[in-house]
Protein chains: 2
Amino acid sequence: MTFQTIILQRQPAMPRPAMYLAETAQDALSTYAAGSEIYGQGELAGPLYAVEFGCVRIGRLTLEGKRQVCGFSFIGDVFGWESGREHRFFAEAVGVTGIRLLRPNRDAQAAAKLFPLVVESLTRFQEHLLVLGKTIVDERLAAFLCDLASRQANGARVELPMARNDIADYLGVSFETVSRILRRFRDQGLIRVPDIHSIEILDRAALEAICGREADSPPGGTSRINDFPVHSDEQTARSERRSK
Amino acid sequence: MTFQTIILQRQPAMPRPAMYLAETAQDALSTYAAGSEIYGQGELAGPLYAVEFGCVRIGRLTLEGKRQVCGFSFIGDVFGWESGREHRFFAEAVGVTGIRLLRPNRDAQAAAKLFPLVVESLTRFQEHLLVLGKTIVDERLAAFLCDLASRQANGARVELPMARNDIADYLGVSFETVSRILRRFRDQGLIRVPDIHSIEILDRAALEAICGREADSPPGGTSRINDFPVHSDEQTARSERRSK
DNA sequence: CCGGCTCCTTGACTTCCATCAACGAGCCCC
DNA sequence: GGGGCTCGTTGATGGAAGTCAAGGAGCCGG
């Protein structure tokens with residue numbers, strides 16, 4: 001396995017709440033080789049991980065040996081949440097990747113700081129869930145590209161550090177289909193593919209139309225766990241049945 | 001719209017962390033008619049909601065008018081997390097459903113108590129995500145049944161308060177396919193369908209084999225945000241490339 | 001009781017996509 | 001440079017599941 005040459009957006013560390021939890025800046029940073037495992041299924045869970053640079057894929061190996069990727073984490077993202085003692089997923093570096101270990105403190109302040117992050121993570125999974133619910137594969141791929149474009153603030157240029165195989169396992173399609181659809185998008189003039197690991201979006205509106213997106217509304221605002229509007233004991237039977 | 005006769009597992013409220021946050025037991029409880037909206041897309045977010053009895057579906061209406069259900073919440077589950085100011089999903093009562101409003105306190109203790117709940121919710125979405133990644137629809141339905149069976153501690157009996165349409169939108173298939181596959185499972189002797197809203201699982205092992213499940217490992221244990229095993233700066237290039 | 005409604009089932013057809021297969025490109029090491 | 005490897009592309013084919021359509025089963029109100 002060779003080192004990938006792409007190092008995605010190496011930028012100064014972002015001023016995120018997660019950073020507050022790192023013990024010291026020096027000893028909590030690890031560099032992972034391309035393809036190396038950050039943690040494996042069944043390993044003991046505990047710390048959280050923040051991506052400093054590069055890209056991480058999170059997924060699971062099924063009993064039949066198939067692989068399903070349930071998410072990618074890019075710079076600034078935090079992953080590693082577990083509700084049990086063990087990791088139910090694996091995490092692997094896609095390219096050369098820098099990871100900062102986050103050690104949650106025992107005091108309650110730590111939970112309050114982590115809260116927005118876990119909710120943001122939840123939001124991501126929910127959104128991806130909707131993508132996987134789509135039956136037309138074009139829509140899934142379009143959604144994937146739009147999502148990447150909005151997460152990477154690179155203008156029309158989108159980096160694809162992961163392999164086609166990873167994208168396929170992420171979108172629940174075969175990697176041949178990924179290849180074919182990218183080609184179709186190219187033929188339709190929606191994208192350009194200057195090299196295998198980057199894509200230039202020529203017609204963002206068209207892509208968003210394909211996957212049924214509204215505007216560019218990136219998740220991850222401020223998490224609100226405070227004041228709330230009381231509306232109690234409503235018996236309203238607004239009961240139109242929504243369907244196709 | 002008529003009231004459904006099924007009220008799912010009306011039990012004494014479970015001693016869950018969520019309960020600690022309800023203001024008072026009386027005024028925070030609302031009863032919703034079947035099909036009624038608990039909150040809608042675009043509404044202001046704020047409080048959390050705990051299911052006391054019944055069942056809630058959470059989903060989104062896409063621009064094209066299609067509906068995608070991204071989760072069901074049963075008794076004891078907490079929903080309503082949002083990373084932004086607005087709800088990006090709707091929540092509707094499936095049958096007659098009792099909802100307890102949870103008002104998070106401002107103090108940090110609240111976040112610490114809510115933490116396990118949001119991580120549990122995250123876990124559910126992750127698991128469902130893997131289900132949607134499956135290409136064979138039989139596997140999705142088998143996974144759905146197994147999931148319900150493990151969430152409802154009813155032995156082999158599984159209540160299906162939601163419509164076939166809901167299941168279809170949850171699994172990303174057409175409702176005709178749901179019907180067909182349930183029939184096939186019945187013909188194969190895997191399930192019995194005594195009435196339209198309940199299923200008896202005759203061969204749990206076979207169902208779990210179909211969807212590739214290991215043992216019955218219900219999520220929602222104790223969330224660990226504390227001590228962690230330090231393993232810093234590993235450069236190990238354990239780089240087998242996992243694939244199909 | 002009958003009509004109207006929603007939900008569910010079943011059938012026929014068609015399309016989309018997974019699979020199998022072959023080949024090319026890039027990379028690395030010997 | 002040549003061989004071996006992984007990754008990516010493209011083509012051909014079959015099967016799985018969506019779509020269209022019709023009909024049945026409850027449920028309700030008049």
Exercise for review: Whole angstrom is fine here: how far is it from CD1 in Ile199(A) over to C1' in dT9(D)?
Suggested key: 14 Å
Point to revise | Distance, rounded to the nearest Å, where Asn165(B) contributes CG and dG18(D) contributes P | key: 13 Å
**Study point:** Side chain of Ala163(B) (C-beta onward), nearest among dG18(D), dA18(C), dC7(C)
**Key:** dC7(C)
Point to revise | Nucleotide dA18(C), atom P - distance to CG of Leu171(A) in whole Å | key: 11 Å
Check your understanding: Are the aromatic ring centres of Phe89(A) and Phe79(A) under 6.0 angstrom apart?
Key -> no
Exercise for review: Apply salt bridge (charged side-chain N to carboxylate O under 4.0 Å, His left out) to the pair Arg204(B) and Glu208(B), showing each step before the final yes or no.
Suggested key: CA-CA 6 Å; Arg204(B) 176 79 178 261; Glu208(B) 285 176 347; 3.0 Å; yes
**Study point:** Shortest non-hydrogen contact from Leu190(A) toward Ala206(A)
**Key:** CD2-CB, 3.6 Å
Review point. Does Arg183(A) put a side-chain nitrogen or oxygen below 4.0 Å from OP1 or OP2 of dT9(D)?
Key: no
Practice item. Can you label the angle between the His87(B) ring and the Tyr39(B) ring as parallel, tilted or perpendicular, going by 30° and 60°? Key: parallel
Check your understanding: Got a donor-acceptor contact below 3.5 angstrom from the Gln152(B) side chain to the Glu159(B) backbone?
Key -> yes
Study note, to complete from the structure: Looking only at dC17(C), dA17(D), dT9(D), the nucleotide nearest the Ile136(A) side chain is dC17(C)
Check your understanding: Under 3.5 Å, side chain of Arg88(A) to main-chain N/O of Ser83(A), donor-acceptor pair present?
Key -> no
Check your understanding: Can you tell me how far P of dC16(C) sits from CZ of Arg140(A), to the nearest Å?
Key -> 14 Å
Check your understanding: Roughly how many Å is it from CD1 in Ile196(B) to C1' in dT6(C), rounded to a whole number?
Key -> 12 Å
Exercise for review: Provide, to the nearest angstrom, the distance between the CD atom belonging to Glu139(B) and the C1' atom belonging to dA18(C).
Suggested key: 13 Å
Point to revise | Ser174(B) side-chain proximity, nearest of dA18(C), dC17(C), dT19(D) | key: dT19(D)
Revision key, fill the gap. note: Asp138(A), atom CG; dA18(C), atom P; distance rounded to Å ~ 11 Å
**Study point:** Proximity to the side chain of Thr177(B) - top-ranked nucleotide from dG18(D), dT9(D), dT9(C)
**Key:** dG18(D)
**Study point:** Parallel, tilted or perpendicular: ring planes of Tyr170(B) versus His128(B), cut at 30 and 60 degrees
**Key:** parallel
Write down the protein N/O and nucleotide N/O pairs, taken from nucleotides 20-26 of chain D, whose separation is under 3.5 Å; answer none if there are no such pairs.
residue : atom : partner   : partner atom : Å
dC20(D) : N4   : Glu176(B) : OE2          : 3.2

Exercise for review: Let me know the distance between CG of Asp195(B) and C1' of dT9(C), rounded to the nearest Å.
Suggested key: 16 Å
